[in-house]
Amino acid sequence: MCEDSHGGFGRRALFMTGAAAALTLGSVSFASAADGGRESRTVRGTLPPGSPDFVYVPVEVPAGVRELKVSYTYDRPAVPAGTPGNALDIGVFDERGTELGGRGFRGWSGGARTEFFLRADDATPGYVPGPVREGTWHIALGPYTVAPQGLSYEVTVTLTYGEPGEATEPVYPPERAKGRGRAWYRGDCHLHSWHSDGRRTPAEIGELARAAGLDFINSSEHNTHSSHAHWADVAGDDLLVMLGEEITTRNGHVVALGTDPGTFVDWRYRARDNRFGRFARQIRRAGGLVVPAHPHATCVGCNWKFGFAEADAVEVWNGPYTPDDEVALADWDSMLVASVRDGRGWLPAMGGSDAHRSPDAVGSPQTVVLADDLTREAIQEGIRAGRSYVAESARVALSFRASGGRGEHAGIGERLCVGRDTPVTVRLEVTGAPRCTVRLVTDQGVLHTGDPLPVSGSGVVEWRTTPSYAAYVRAELRHEAAAGPLPGALAAFTNPIFLGRDQSLSS
């Protein structure tokens, strides 16, 4: 039902749009008011278990609106142990409509906020400022989980009339920072500010990134690009800020890494809809990389179900190292083995902090990339080529190379082109990893485990093999295990070096 600010009620019909589309409520209408006036309407309803992923509340917005404000609440009944309770996300689309991948998107806050506003000159973080034009707008509700009793909600829409404020042109961070030429650059490509469900401002994240020894970061808010215009003051000669989004679908999350400013990527689809490829191509057209995030995370909707055919890299290590990261690492290693077996391209691995709020540590872990310069394009090229390793902090530094007997050599992400039975020396140099153990992993598994490094954290490990014995080799640094046969948590790991010339692999 619909209740206006004067207490009147009008029944609104429910109907379905499209074959398997979202549930849509009857529209809420407003009549124009005098300049400076304000009107509110309230919509109430209940969503049953098994509701569509999104429910839209159409709002008929008249001319002369200065500001649109939305607030909402929903019930949270007690549920049996092991049963999901109610969680309801929210966002808004303007008069240009709700078409998948269309131009109508104006903001999303998921479940992070209970209210938001937008107008020409300002908007709640997560929402895009701009005129509140006449036409049919849509409040988007996303029932993330629904309790067995159903989900009862109340949404209040308030329009303020008057002349719109003066809109300003967005200013974006530069695509280049003062680098060191071809060098190893440290970055965190998975971060959340208060523009989604984080609690830190962009300025606070920039300060923490510098303190963590980072050279670059990537903005990756859930399902919104609203932060893009708020990073220019954070960037500087010492910090490259790339712009992106974490596309948070109901079948997994993917980081759009380093897209063009102002790029929005839709998230309203599942794997069975066969639409992910379309949006992966959109990310690439916008100059970004496609990076599935935390593919084995256990939260609802977090486990990656779209496959990796469209991926440019995969986030293997997400935040503090946990068992689902261990599963992701093992799964990625299996993909490397398949690449060797099938003679096809391989998928580089990376890491990101996914930091939201204190005590989440920005830059733990961090991806360390060999790039020609500190620019968006050069960092992306290094990640795409797999010229990178992941470390728990800036204290950990690695040098990893393989060499043949005639001066041939290759580094991380490269191929050492020598004969199958040519002796190969693999050398790892480590600093900043006290008491950590070095493991060398190949397509046959762990073939070398070193003694713990000294308390200084520095050491050198050399191992000899042949391409016929090891088609690739990668390095892991592990903390001491607390107990039992399981390996300790990662301190760092590298992308592989491929050995031999009889496979044609390119990432």
**Request:** Take Trp346 and Phe498 through the ring-ring contact (aromatic ring centres under 6.0 Å, His included) test and state the conclusion after the steps.
**Result:** CA-CA 10 Å; Trp346 64 283; Phe498 292 94; 5.3 Å; yes
**Message:** Tell me whether Glu99 at atom CD has more than 12 heavy atoms from other residues, nucleotides or ligands lying less than 6.0 Å away.
**Reply:** no
**Asked** Distance-only, no hydrogens or angles: does the His192 side chain make a donor-acceptor pair with backbone N or O of Ser220 under 3.5 Å?
**Response** yes
**Message:** On the six-membered ring of Phe54, is Arg250 placed so that its NZ or CZ lies under 6.0 angstrom from the centre and within 45° of the ring axis?
**Reply:** yes
**Asked** Quick check: does any side chain N or O of Arg357 sit under 3.5 Å from a backbone N or O of Asp197, one acting as donor and the other as acceptor?
**Response** yes
**Message:** For the residue pair Asp325 / Thr322, report whether a side-chain donor-acceptor contact shorter than 3.5 Å exists.
**Reply:** yes
**Message:** Please determine whether a side-chain nitrogen of the Lys or Arg among Arg180 and Asp215 lies less than 4.0 Å from a carboxylate oxygen of the Asp or Glu.
**Reply:** yes
**Prompt:** Is Arg278 atom CZ crowded by more than 12 heavy atoms from other residues, nucleotides or ligands, each under 6.0 Å away?
**Reply:** yes
**Near-ring test Phe276/Trp304, centroid separation under 6.0 angstrom** = yes
**Request:** Determine which pairs satisfy disulfide (SG to SG under 2.5 Å) with at least one residue from residues 264-320, sequence neighbours left out, and list them in order.
**Result:** Cys299-Cys302
**Asked** Yes or no on salt bridge (charged side-chain N to carboxylate O under 4.0 Å, His left out) for Arg182 and Glu381, after CA distance, side-chain angles and deciding distance?
**Response** CA-CA 12 Å; Arg182 186 172 177 83; Glu381 174 54 30; over 6 Å; no
**Request:** Mark yes or no for whether Asp312, through its side chain, and Val291, through its backbone, hold a donor-acceptor pair below 3.5 Å.
**Result:** no
**Request:** Decide, yes or no, whether a salt bridge links Arg268 with Asp53 under the criterion of side-chain N to carboxylate O below 4.0 Å.
**Result:** no
**Message:** Looking only at the side chains, is there a donor atom on one of Ser219 and Ser227 sitting less than 3.5 Å from an acceptor on the other?
**Reply:** yes
**Request:** May I ask you to say whether Glu204 pairs ionically with Arg199, meaning some side-chain N is under 4.0 Å from a carboxylate O?
**Result:** no
**Asked** Just by modelled atom types, is the Thr367 backbone N or O under 3.5 Å from a matching donor or acceptor in the Ser388 side chain?
**Response** no
**Smallest separation among heavy atoms of Ile283 and Leu289, with atom names** = CG2-O, 3.6 Å
**Prompt:** Distance only, no hydrogens: is a donor on one side chain within 3.5 Å (strictly under) of an acceptor on the other, for Ser109 and Tyr127?
**Reply:** yes
